[in-house]
Student: 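Here it is, the structure in full.
FYI, side chains are in, hydrogens and waters are out, and symmetry mates aren't considered; it's all heavy atoms of this structure. Since this is a predicted model, take the numbers as computed values, not measurements.
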Amino acid sequence: SFRTFVKEMFFDSETDVVVISGVPGAERDKDPQGNKLEGRARGGGILPSWLMAHARDEINSLAGSTRAFSQGNLAPNHYWDKTANKPDKAAILEQMDREVSKYKISSWKWYCHTDPGRSGGGFQLDDENAAWFYEESRKRGIRMLSCHKGFSYQSRTLGHLANPKDVEKAALNNPDFKFIVYHSALEHGPSEEGFKDPKKVDPTTGDMSWHNVLMDIKKRNPKMKNVYCELGSFFNVLNIVNPVLAMHGVGKNIMHYGADNVVWGTDCLWWGSPQWVIDAFKRLDISDELCEKYGYSKLTNEDKAKIF
């Protein structure tokens, strides 16, 4: 419930500000009679843009300050012209204007491996439909794109589209946009069989599938400054099952992208109070052995402050 969310995030943890992040779903704009829909009548799944905006406003009203931001779920395949087999651009632009002007979103949240518009497929950050979306979003002043990458099991047919390989071209072609890569693109969570595959996760070197793709992007483009590694369902889950892998993961993120481009996140909308994750990160110390062998830097209080 909303009350539980506020309690868990603000009263039971040291969290100052939250970003309410959505789950993909297409809102309905009108009923069968052509009447404009508002609020709950718009639907849109379990966490639509209108609901996130409503919760954000209520939190900020209670606090008397800005303690919450919200994202917008709209993506290039949310409204689809099935006859022409292409995006319904008129519907997308109408929803885009609503999310920017009425919901006052701070970022888009994309899941390339989902298909709310029943297009028959997902999309990629670097395809032509995404390029059109960036241009329209740019006109409206939104230049931040948060994208779920990793955890491919979420779609049996489209899971491959959660690979972060498409981040590279999109970021290079849109240097004025910020691309926040959720979960640091970890392909398999610790509860999955793939996590136990040594070809996917090397516990010695800390190389983890799809996370290594994200690292390689920065290696090829050392001057790239507009890609950010988010830690939700990355640091926390790794730290529970294999603290050394957690050291590797955070160490690689900072080594390649820099502490300024590592973004704190917990995914604790689903987990409950994030205080345990906050405490774990406060205590995190990358071992001297790993730093010496793999070139990681020791985590400083300044690094942690930047990430928090």
Side-chain angles (χ1 to χ4, degrees), residues 21-53 70-103 105-167 169-171 173-174 177 179-182:
S21 184
V23 175
E27 296 183 16
R28 297 186 301 273
D29 191 51
K30 296 177 181 178
D31 66 15
Q33 290 71 45
N35 300 309
K36 198 79 169 178
L37 299 174
E38 295 293 342
R40 191 173 300 277
R42 294 185 66 82
I46 63 173
L47 199 55
S49 300
W50 65 265
L51 182 58
M52 290 189 285
S70 67
Q71 299 177 333
N73 283 333
L74 182 67
N77 67 339
H78 272 213
Y79 299 94
W80 198 260
D81 183 335
K82 295 181 178 61
T83 301
N85 194 29
K86 63 181 182 180
D88 185 341
K89 291 185 175 181
I92 291 172
L93 290 178
E94 185 171 4
Q95 181 67 16
M96 185 182 291
D97 286 334
R98 166 178 277 268
E99 299 206 15
V100 173
S101 300
K102 187 176 179 66
Y103 301 159
I105 64 167
S106 298
S107 167
W108 302 110
K109 178 64 184 292
W110 284 3
Y111 295 74
C112 297
H113 58 298
T114 65
D115 186 20
R118 311 282 189 199
S119 67
F123 66 100
Q124 292 280 257
L125 297 180
D126 58 359
D127 67 26
E128 61 181 20
N129 292 330
W132 168 79
F133 194 105
Y134 298 141
E135 186 56 38
E136 294 298 333
S137 181
R138 181 180 286 113
K139 293 174 185 177
R140 292 158 175 80
I142 301 295
R143 294 181 175 87
M144 186 176 295
L145 193 286
S146 303
C147 190
H148 172 110
K149 289 295 180 182
F151 290 93
S152 61
Y153 76 91
Q154 292 183 356
S155 174
R156 293 181 180 179
T157 56
L158 300 175
H160 61 285
L161 298 178
N163 187 309
K165 61 184 176 58
D166 54 337
V167 172
K169 181 180 175 182
N173 287 349
N174 299 277
F177 271 66
F179 292 83
I180 302 171
V181 182
Y182 270 50

Student: Applying side chain to side chain contact (heavy atoms under 4.5 Å, CB included), run through M52 and Y103 and close with a yes or a no.
Tutor: CA-CA 8 Å; M52 290 189 285; Y103 301 159; over 6 Å; no

Student: With a 4.5 Å cut-off on side-chain heavy atoms, are L125 and F133 touching?
Tutor: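 Result no, sub-4.5 Å side-chain heavy-atom pair not found.
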
Student: Return the minimal non-hydrogen interatomic distance between P116 and P24, and the atom names on each side.
Tutor: CG-CB, 4.0 Å

Student: Kindly indicate, with the supporting measurements, whether the criterion side chain to side chain contact (heavy atoms under 4.5 Å, CB included) is fulfilled by I92 and H78.
Tutor: CA-CA 7 Å; I92 291 172; H78 272 213; 5.7 Å; no

Student: Tell me every residue that passes side-chain contact (heavy atoms from CB on, under 4.5 Å) with P164, counting only those two or more places apart in sequence or in another chain.
Tutor: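 Here the qualifying residues are K149, V167, A185, W210, V213, L214.
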
Student: Indicate the atoms forming the closest heavy-atom contact of E99 with S49, along with that distance.
Tutor: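 Looks like OE1-OG, 3.0 Å.
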
Student: Applying side-chain contact (heavy atoms from CB on, under 4.5 Å), name anything that partners R138, two or more places apart in sequence or on another chain.
Tutor: E135, R143, N174, D176, F177

Student: Please name all residues satisfying ring pair (Phe, Tyr, Trp, His ring centres under 6.0 Å) with F123, sequence neighbours left out, ordered by chain then number.
Tutor: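 By the ring pair (Phe, Tyr, Trp, His ring centres under 6.0 Å) rule, F123 matches W110.
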
Student: Whether K36 and E94 form a salt bridge (side-chain N of Lys/Arg under 4.0 Å from carboxylate O of Asp/Glu) is what I want to check.
Tutor: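 A salt bridge links E94 with K36.
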
Student: Under 3.5 Å, side chain of R118 to main-chain N/O of W80, donor-acceptor pair present?
Tutor: no

Student: So, applying side-chain contact (heavy atoms from CB on, under 4.5 Å) with D115, which one of N77, T157, L161 is it?
Tutor: N77

Student: Do E27 side-chain atoms and W50 backbone N/O form a donor-acceptor pair below 3.5 Å?
Tutor: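 Flag set: sc E27 to bb W50 pair under 3.5 Å.
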
Student: Please identify each residue that fulfils ring pair (Phe, Tyr, Trp, His ring centres under 6.0 Å) with H148, with sequence neighbours left out.
Tutor: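 Applying ring pair (Phe, Tyr, Trp, His ring centres under 6.0 Å) to H148 gives Y111, H113, H183.
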
Student: Looking only at non-hydrogen atoms, find the nearest pair between N73 and G22 and report the distance.
Tutor: OD1-CA, 3.4 Å

Student: I'd like to check the salt bridge (Lys or Arg N to Asp or Glu O under 4.0 Å) partners of K82; sequence neighbours left out, ordered by chain and number.
Tutor: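 Not a single residue meets the salt bridge (Lys or Arg N to Asp or Glu O under 4.0 Å) criterion with K82.
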
Student: Checking side chain to side chain donor-acceptor pair (under 3.5 Å) between S107 and each of S146, S70, S21, which is the one that passes?
Tutor: S146

Student: For P76 and A130, which heavy atoms make the closest approach, and how far apart are they?
Tutor: CG-CA, 3.9 Å

Student: Are more than 12 heavy atoms, taken from residues, nucleotides or ligands other than E128, located less than 6.0 Å from that residue's CD atom?
Tutor: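 Open: at most 12 neighbouring heavy atoms sit under 6.0 Å from CD of E128.
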
Student: First locate atom CG of D29, then atom CG of L37, and finally report the distance between them rounded to the nearest 0.5 Å.
Tutor: 7.0 Å

Student: Considering non-hydrogen atoms only, spot the tightest contact between Q95 and L74 and give its length.
Tutor: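 Shortest heavy-atom contact: CG-CD1, 3.8 Å.
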
Student: Take K30 and N35, measure what side chain to side chain contact (heavy atoms under 4.5 Å, CB included) needs, and give me the verdict at the end.
Tutor: CA-CA 5 Å; K30 296 177 181 178; N35 300 309; over 6 Å; no

Student: Look only at the side chain of Q71 and the backbone of I105, and say whether a donor-acceptor pair between them is shorter than 3.5 Å.
Tutor: no

Student: What's the separation between atom CG in D81 and atom OG in S119, rounded to the nearest 0.5 Å?
Tutor: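 Reported to 0.5 Å precision, the distance equals 12.0 Å.
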
Student: Residues two or more places apart in sequence or in another chain: which of them pass side-chain contact (heavy atoms from CB on, under 4.5 Å) with D97?
Tutor: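 By the side-chain contact (heavy atoms from CB on, under 4.5 Å) rule, D97 matches R140.
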
Student: Locate the shortest heavy-atom distance separating G44 from P48; write the atom from each residue and the value.
Tutor: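 Smallest heavy-atom distance, with atoms named: O-CB, 3.6 Å.
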
